[in-house]
Amino acid sequence: MPSDLIPAAHLIGAGLAIIGVVGGGVGIGNLFGAFITAVGRNPAARQDIQIYLWLGFALSEATAIFALLVSFIILFT
Amino acid sequence: MASSPIDVLGQFRLTTGLGPLGGAVGFTNSNEMMLLAAVLIVTFFALALRAGAIVPGRLQASAEISFELIRNMCDETMGKEGRAFFPFVFLLFIFILMGNLLGLFPYFFAFTSHLAVTATLAIFVFLLSTVVGFWKHGLGYLKLFVPEGAPLWLLPFLIPIEILSYFSRPLSHSVRLFANITAGHVLWEVIAGFMFMLTAAFGGIGILAAILPLGMNVAFVALETFVAFIQAYVFAILTCIYLKDALHLH
């Protein structure tokens, strides 16, 4: 493999790795959509649901961050 | 990539702290920040709770709110037996929160951005919950790996999956915190790198255009402050959930 292809392969690999962020986006969108529906139906339950909202947000955001980190590692190391 | 114009991972490099004495005993800047976090936590609570007023002032209220937040979380997840673990969970929360927040300041080192630090905390939580589980239930703790109400023929498949998921707990627990903090700091530096590239490429117009990435970075400060809090909270709540499994089996 010619050595000048390696930087290009780095960039392509980092670009492919970032596709994983899509999953996190879908997850967070779903989460807040479900939260709005739930609060719309039962506004009194808002306080109880909110704890799980932020827990779910952090958990699904973390999966997106994993992909972002892999992309960064490929790009910068 | 080696030819990158900015060294984004340089901010996570360990250097020695406390001058020549620190170098001799291997005291790093990461340890320095941990020490600072510990001192800040102790002074904050000593100052805030010194008055002990019935109607709390602002400082005392801030200490009490953080206390109540974690105590409610412990009660909701672990129940009455969980009270014994409240000091541990609270200390984890406040130490990680302080580490995350200190890392947001320029030239300060975010010690939670090192996998070694977060993995140490996560492995300690994992060992603690395992020990508590076996201590409380004896060998009955192994029932944790058998999902309730699953058909018998599925068990040979489910039990290995449950065991695998149990042992991957410390991995996801530690990587979540480390990756969030690291990604946030790298993002800052990448966007800050745009500013340098713009000014180097376009001169005066570039300086004007660099206001845009600067504004983005300011917005990211708000996001990162939020993430610093949320990740400390999630680390604490996952600790509670793991300890709940050990105390109550599902």
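In the text below, chain A, chain B and the rest are named by the order of the sequence lines, each starting its count at 1. This one's a predicted model, so the numbers in the text were calculated from it and none came from an experiment.
At a threshold of 4.5 Å between non-hydrogen side-chain atoms, the residues Phe72(A) and Leu187(B) count as touching. The shortest side-chain heavy-atom distance between Val227(B) and Glu61(A) falls under the 4.5 Å cut-off.
Ranked by heavy-atom pairs under 4.5 Å with chain B, the first of Leu68(A), Leu55(A), Thr63(A) is Leu55(A).
Considering every non-hydrogen atom in both Arg176(B) and Ala58(A), the closest pair reads CD-O, 4.5 Å.
Ring planes of Phe226(B) and Trp54(A): perpendicular class, angle over 60° (limits at 30 and 60°).
By the neighbour-count criterion of 12 heavy atoms within 6.0 Å, atom OH of Tyr52(A) is sparsely surrounded, having that number or fewer from other residues, nucleotides or ligands. The environment of Phe124(B) atom CZ is sparse: at most 12 non-hydrogen atoms of other residues, nucleotides or ligands sit within 6.0 angstrom.
Residue contact with chain A, scored on non-hydrogen atoms closer than 4.5 Å, involves the backbone and the side chain of Val175(B) alike. Heavy atoms closer than 4.5 Å to chain A are found in the side chain of Phe178(B), but not in its backbone.
Atom CG of Leu69(A) and atom CG of Asn180(B) lie 9.5 Å apart (nearest 0.5 Å). Taking CG of Leu177(B) as the start and CD1 of Ile65(A) as the end, the distance is 11.5 Å to the nearest 0.5 Å.
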